[in-house]
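Below is one structure, written out as structure tokens; comments come after it.
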Amino acid sequence: YINKSLSVGSSVTLKNTLSVGDTSTLKNTLSVGGSTILGNSLNVSDSATLRSTLSVGDSVILGKNLYVSDSLTLHNNLSVGDKVIMESSLSVGGELFAQKIAITGNLILSESLNVSGTVVTKKHLSVGDTATINETLSVGDLVILESSTSVGKSVFISESLSVGNSVTL
């Protein structure tokens, strides 16, 4: 357990749990075999691979890719330079910015969703505010959108769509 901050100039590989009370900043890659619990922010210049759960009290900023085998819960924003790949559910209390998103479980956002590429989720998609997807949206089950939605190309929804305001396709 690290009480304050963790700053590393290169890669970090942990076989079990990473727990940081405050901010974690990495200039390269993060790979954790167990759970990752951060009281504040996670900043990684390259990719982060997590074999279990990631829980962050504030924001996550990644220069490249985020791979999580289990669930990801954020109380604030998620910003990823390229892909977000989840084998379970993703819950973000703030906004989500990424180029591509692939999620096996649910995608639940309190605020906005901004994706320059494709969003694929095999279960539910719930967005509390605006959803902007420049390419394709593919949802295996229910879609709930509280505000406006804009999708540049195709939309595939297996079950139902609920929109509180406007949809632009």
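The CD1 atom of Ile133 sits 8.5 Å away from atom OG of Ser150, with the distance rounded to the nearest 0.5 Å.
Of all heavy-atom pairs spanning Ser116 and Asn134, the tightest one is O-CB, 3.2 Å. Here the shortest heavy-atom pairing between Ser147 and Asn165 reads C-CB, 3.6 Å. Nearest heavy-atom pair across Ser88 and Ser71 is CB-N, 3.9 Å. Looking at every heavy atom in both residues, Val44 comes nearest to Ser47 through CG1-O, 3.6 Å. Residues Lys64 and Asp46 come closest through the heavy atom pair CD-OD1, 2.9 Å.
With a 4.5 Å cut-off on side-chain heavy atoms, Leu113 and Ile101 count as touching.
Judged by distance alone, the side chain of Asn114 and the main-chain N or O of Phe97 form no donor-acceptor pair under 3.5 Å. Between the Asn65 side chain and the Lys83 main chain, a donor and an acceptor come within less than 3.5 Å of each other.
The cluster map of Ile, Leu, Val, Met, Phe, Trp and Tyr, joined by side-chain heavy atoms under 4.5 Å apart, puts Val115 and Val151 in the same cluster. Residues Leu90 and Ile108 do not share a hydrophobic cluster, defined by chaining ILVMFWY side chains whose heavy atoms lie under 4.5 Å apart. Both Leu161 and Ile103 belong to a common hydrophobic cluster when Ile, Leu, Val, Met, Phe, Trp and Tyr are linked at side-chain heavy-atom distances under 4.5 angstrom. Met86 and Leu125 fall within a single hydrophobic cluster, where Ile, Leu, Val, Met, Phe, Trp and Tyr side chains are chained together by heavy-atom contacts under 4.5 Å.
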**Study point:** Val119 and Leu107: CA distance, side-chain angles, deciding distance, side-chain contact (heavy atoms from CB on, under 4.5 Å) verdict
**Key:** CA-CA 10 Å; Val119 175; Leu107 174 57; 4.1 Å; yes
Practice item. Give the C-alpha distance, both sets of side-chain angles, the deciding distance and a yes or no for side-chain contact (heavy atoms from CB on, under 4.5 Å) between Ser158 and Phe156. Key: CA-CA 7 Å; Ser158 296; Phe156 304 97; over 6 Å; no
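Think of Ile85 as one node in a network of Ile, Leu, Val, Met, Phe, Trp and Tyr side chains linked at under 4.5 Å; its network also takes in Tyr67.
Checking each of Leu42, Thr49, Leu78, Asp82 against Leu66 for a side-chain contact (heavy atoms from CB on, under 4.5 Å) leaves exactly one that passes, namely Leu78.
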Per-pair distances, 0.1 Å, donor-acceptor, side chain in residues 135-146, under 3.5 Å, sequence neighbours excluded:
from, atom 1, to, atom 2, distance (Å)
Asp141, OD2, His124, ND1, 3.4

